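Quantities reported herein were computed from a predicted structural model and do not represent experimental measurements. One-based numbering along the sequence shown. Side chains are part of it too, since the values below use all heavy atoms of this structure and drop only hydrogens, waters and symmetry mates.
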Amino acid sequence: QVQLVESGGGLVQAGGSLRLSCADSGRRFSTNIMGWFRQAPENEREFVAAISRIGGNTAYAGSVKGRFTISRDFVKNTLYLQMNGLKPEDTAVYYCAASSGAIMTTADRAYDYWGQGTQVTVSS
């Protein structure tokens, strides 16, 4: 069973930073590919970042590359998203997700488990 709980969202000014956390209370954290997605009002959910099972490989959306960093802590069973240089267009609900698939992917349909989301609001 995989149970994902996000935290760390909030209101921040443009140029500021936030770190999102996603705690996995299940027992399969190390066997899943993990990802972050986001959804802004009236927009479709979009890929943000993903990290491989052992954390050696990462992938980012072009809009966040160089500003966001995804990482995972196998002791704490927690996924992180460090967000620096935030922009108003980063405003969205951020979701973490877990995939039991074989390949790291940006497609949300490949992810089996989802958290409830955490709101990030960036003011200009």
Side-chain angles (χ1 to χ4, degrees):
Q1 186 72 13
V2 176
Q3 295 179 324
L4 305 175
V5 179
E6 301 99 333
S7 61
L11 173 65
V12 64
Q13 289 188 333
S17 298
L18 283 174
R19 188 177 78 158
L20 305 183
S21 299
C22 173
D24 180 359
S25 60
R27 298 182 178 182
R28 301 186 61 186
F29 182 73
S30 62
T31 67
N32 289 323
I33 294 165
M34 301 296 295
W36 287 99
F37 292 78
R38 67 186 182 186
Q39 187 168 20
E42 302 183 353
N43 286 2
E44 293 186 353
R45 186 165 56 192
E46 65 175 359
F47 169 78
V48 175
I51 189 166
S52 61
R53 287 180 176 82
I54 61 173
N57 293 320
T58 57
Y60 296 93
S63 59
V64 307
K65 197 168 186 178
R67 299 187 297 123
F68 291 10
T69 303
I70 188 171
S71 62
R72 62 193 302 171
D73 184 325
F74 294 97
V75 174
K76 297 180 178 180
N77 280 2
T78 300
L79 177 73
Y80 299 102
L81 184 69
Q82 178 66 44
M83 305 186 295
N84 299 328
L86 282 162
K87 305 175 181 180
E89 51 263 43
D90 294 318
T91 295
V93 176
Y94 284 71
Y95 299 90
C96 69
S99 170
S100 58
I103 300 173
M104 191 168 66
T105 175
T106 63
D108 59 359
R109 63 183 180 274
Y111 289 78
D112 311 289
Y113 303 96
W114 293 82
Q116 83 288 350
T118 185
Q119 176 71 46
V120 172
T121 303
V122 184
S123 63
S124 57

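- Put simply, CG on Asn77 and SG on Cys22 are 10.5 Å apart, with the number rounded to the nearest 0.5 Å.
- Remark: Leu81 CG to Thr118 OG1 distance equals 11.0 Å, nearest 0.5 Å.
- Cluster annotation: Met104 and Tyr95 are assigned to the same hydrophobic cluster (Ile/Leu/Val/Met/Phe/Trp/Tyr, side-chain heavy-atom contacts under 4.5 Å, transitive).
- For the pair Ser124 and Pro88, the tightest heavy-atom approach, listed with the atom from each and the gap, is CB-CG, 3.8 Å.
- By the 4.5 Å heavy-atom criterion applied to side chains, Thr106 and Glu46 are not counted as neighbours.
- Taking the side chain as every heavy atom from C-beta outward, Asp112 and Val2 never approach each other to under 4.5 Å.
- Of all non-hydrogen atoms in Ile70 and Gly35, the two that sit nearest each other are CD1-CA, 4.5 Å.
- Once rounded to the nearest 0.5 Å, the distance linking CD1 of Ile51 with CD1 of Ile33 reads 11.0 Å.
- Using a 4.5 Å cut-off on side-chain heavy atoms (C-beta onward), Leu4 and Met34 make contact.
- Ring geometry, Phe68 versus Tyr94: the interplanar angle falls from 30° to 60°, so the pair is classed tilted.
- In this structure, CG on Asn43 lies 12.0 Å from CD on Glu89, to the nearest 0.5 angstrom.
- Under the 4.5 Å side-chain heavy-atom criterion for ILVMFWY residues, no single connected hydrophobic cluster contains both Leu79 and Phe47.
- A donor-acceptor pair is defined here as one N or O able to donate and one able to accept, closer than 3.5 Å; such a pair exists between the side chain of Glu6 and the backbone of Gly117.
- Using a 3.5 Å distance cut-off with no hydrogens or angles, the side chains of Asn84 and Ser17 do pair a donor with an acceptor.
- Minimum interatomic distance between Gly55 and Phe74 (heavy atoms only, all atoms of both residues): N-CZ, 4.4 Å.
- Listed for the Arg53 side chain is no donor-acceptor partner under 3.5 Å among the backbone atoms of Ser30.
- Residues Trp36 and Met83 fail the side-chain proximity criterion, which asks for heavy atoms closer than 4.5 Å.
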*Determine, stepwise, if the pair Val64 / Arg38 fulfils side-chain contact (heavy atoms from CB on, under 4.5 Å).*
CA-CA 12 Å; Val64 307; Arg38 67 186 182 186; 3.9 Å; yes
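- The distance from the CG atom of Leu11 to the OG1 atom of Thr91 is 8.5 Å, given to the nearest 0.5 Å.
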*Residue pair Phe37, Tyr111: steps toward the side-chain contact (heavy atoms from CB on, under 4.5 Å) verdict*: CA-CA 10 Å; Phe37 292 78; Tyr111 289 78; 3.6 Å; yes
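- For the residue pair Ser25 and Gln3, a side-chain donor N or O sits within less than 3.5 Å of a side-chain acceptor on the partner.
- Contact annotation: the side chain of Tyr113 never approaches that of Asp24 to less than 4.5 Å [non-hydrogen atoms, C-beta and beyond].
- Put simply, the side chain of Arg67 does not reach to within 4.5 Å of the side chain of Tyr60, judged on heavy atoms.
- Taking CG from Leu20 and OG from Ser7, the interatomic distance works out to 8.0 Å, rounded to the nearest 0.5 Å.
- Annotation for Gln116: atom CD counts as buried by contact number, over 12 foreign heavy atoms lying within 6.0 Å.
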